[in-house]
2 protein chains.
Amino acid sequence: MAAMTQLESPPAGAAALPEGAEGAAAAPPAVRPGRRRDPSRDADILAATLDVLAEVGYDGMTMDMVAARAQAGKATVYRRWESKADLVIDAVACLKSPPPLDDLPDTGSLRGDLVAMIRTPSVKDAQRKLRIMTGLVSLIDREPELAETTRRALVEPRAAVTRALLRRAVERGEARPDCDIETLASVSAAMASYRTLMLRKPVDREFLLSVIDGVIVPAAVGAPGH
Amino acid sequence: MAAMTQLESPPAGAAALPEGAEGAAAAPPAVRPGRRRDPSRDADILAATLDVLAEVGYDGMTMDMVAARAQAGKATVYRRWESKADLVIDAVACLKSPPPLDDLPDTGSLRGDLVAMIRTPSVKDAQRKLRIMTGLVSLIDREPELAETTRRALVEPRAAVTRALLRRAVERGEARPDCDIETLASVSAAMASYRTLMLRKPVDREFLLSVIDGVIVPAAVGAPGH
DNA sequence: CAGTTCCGGAACTGTGCGGTAACGTAGGAG
DNA sequence: CTCCTACGTTACCGCACAGTTCCGGAACTG
């Protein structure tokens, strides 16, 4: 079902500290008998986790759901992750979207650049991420580290683009030099997540345009933009 | 512990429709024998609900916690509300803060008015509300009506004030006449809830000032404010 | 071949919690 | 006084779910 293309690092599966007895057998020989673990199952399980997370949230998600969606047994899941929380944390961490920094739009105006950012496929991808964020809220205040992970994986990429566009607009002389780039760059994410979490309204193109034309551009550019 | 000063309407306790058999005893006589229900328990239970909600969220909250905090028995709670969800919905609905619209600050400038809104006690009260909102997120997408209730009780009062201040600034000629008041009025709430839910950072005076000076004022007023 | 580890599936255990029922007591109506 | 209801406490039921274990089978090592 889902895409899931990356995941290079093994998810740190079960590092139960051996608590060395007296001078134990140094390093366990890397070669072990038996059937090899199938790495493709990791990605399937993580993708299934994100799907279920986006649909029912962390508290509504059960390990049976994840296993069923991944067509895996629960034992296969627990062989790789110690707990439900561990699984979700890893799934979010492996969600780094491909950095869209390479092809920054350059339309010549700040508004044009910002509008170019919200092409339709990009918006749909962002909606999925917002659903995932919604489901993570309840876990975030039990696992503080997850807040930072989530921010980096889900929010920061887009904020970084906005930041770069604003910086360029300042250098170009279009935006006023004293504008608060850091705060302005987080406005989009804040407005979008607020609309999704509390208002339960869709974050569509029209809404994003009103944020660009009603907030970001007028705040960055002195004169009425348009 | 908590304040809890309002609550005039009885919380609709258990209106099990009688499904009239043939010509039953018309209206049940309003006077009933036995001990009267103590109305002060309602407020205590609702206040306890909001306290627990702010501390552990909806999914972490148990009915035993609420009953213990209110020094009540679970039966006393269930005599008034049919379910956990009902209790929480009523608790949020009874949280209408006193409308601060009567004494709108009038400092002569938009920035001065907005800064006057964020006096220290007001900020602390808002933080409690943000904690409650955080705990409600997981329930909101199971009970769509709750989204509207939450918005009206927790968000709308402050947004309405901001809206009024912006409108006045436009009439005064300070803010540009074409500014998007509706979108700008929701920026504060969005930034604050985003910071609380996702970033887990405190919504303090410094942060709110950066929203005012970095976003709202420059977006509403054409020229660099200050 | 035997021995070991993985796989999906299913049965199982333990626990925490929503909701109910049964106490014994307090207090208002007749 | 006698009913009847509300109150707080405690025990209890049922269920859902995290996590474990076992099964039959597949894959890999020696």
Side-chain angles (χ1 to χ4, degrees), chain A residues 10-11 13-14 16 28-46 48-49 52-53 55-91 135 138-139 142-143, chain B residues 10-11 13-14 16 28-46 48-49 52-53 55-91 135 138-139 142-143:
Chain A
V31 286
R32 287 189 311 176
R35 178 174 173 177
R36 304 312 187 89
R37 193 176 287 188
D38 180 359
S40 74
R41 308 312 291 127
D42 294 66
D44 288 348
I45 294 168
L46 289 173
T49 303
V52 177
L53 208 50
E55 284 172 20
V56 299
Y58 179 79
D59 297 289
M61 159 183 146
T62 74
M63 296 301 263
D64 294 83
M65 287 185 201
V66 173
R69 169 93 50 140
Q71 301 214 96
K74 276 205 291 180
T76 304
V77 178
Y78 278 103
R79 198 174 294 120
R80 290 162 164 78
W81 292 276
E82 284 187 349
S83 69
K84 178 179 171 180
D86 279 345
L87 170 62
V88 170
I89 289 172
D90 254 39
S138 64
L139 184 59
R142 251 172 294 165
E143 303 278 346
Chain B
V31 285
R32 286 191 310 175
R35 179 175 174 177
R36 302 312 188 89
R37 193 176 287 188
D38 180 359
S40 75
R41 309 311 291 127
D42 294 65
D44 289 348
I45 294 169
L46 290 172
T49 303
V52 177
L53 208 50
E55 285 172 21
V56 299
Y58 180 79
D59 297 288
M61 159 184 149
T62 72
M63 295 302 264
D64 294 85
M65 286 185 201
V66 174
R69 168 92 49 140
Q71 303 213 96
K74 276 206 291 180
T76 304
V77 178
Y78 278 103
R79 198 173 295 119
R80 289 164 165 74
W81 292 276
E82 284 187 350
S83 70
K84 178 179 171 180
D86 279 344
L87 170 62
V88 170
I89 290 173
D90 254 38
S138 64
L139 184 59
R142 251 171 295 164
E143 303 279 345

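Nothing here was measured: the structure is a model prediction, and the numbers come from that model. Quick note on labels: first sequence line is chain A, next is B, and so on, each numbered from 1.
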Counting primed atoms plus P, OP1 and OP2 as sugar-phosphate and everything else as base, spell out the protein contacts along nucleotides 18-30 of chain D at 4.0 Å heavy-atom distance: B, S or - for each nucleotide, 5' to 3'. SBBB---BBBBS-
Can you name the residues that form a side chain to side chain donor-acceptor pair (under 3.5 Å) with A:Ser138, not counting sequence neighbours? A:Asp59
B:Val77 meets the side-chain contact (heavy atoms from CB on, under 4.5 Å) criterion, sequence neighbours left out, with B:Ile45, B:Met63, B:Ala67, B:Trp81, B:Leu87
How would you list, by chain and number, every residue that makes a salt bridge (charged side-chain N to carboxylate O under 4.0 Å, His left out) with B:Asp38, sequence neighbours excluded? none
Between P of C:dG27 and CZ of B:Arg41, the distance in whole Å: 13 Å
Searching all strands shown, indicate the nucleotide that pairs with D:dG30 (Watson-Crick or G-U wobble; both distances under 3.5 Å). C:dC1
Any residue meeting salt bridge (charged side-chain N to carboxylate O under 4.0 Å, His left out) with A:Lys84, in chain and number order, not counting sequence neighbours: none
Please enumerate all residues that pass side-chain contact (heavy atoms from CB on, under 4.5 Å) together with B:Glu55, with sequence neighbours excluded. B:Arg69
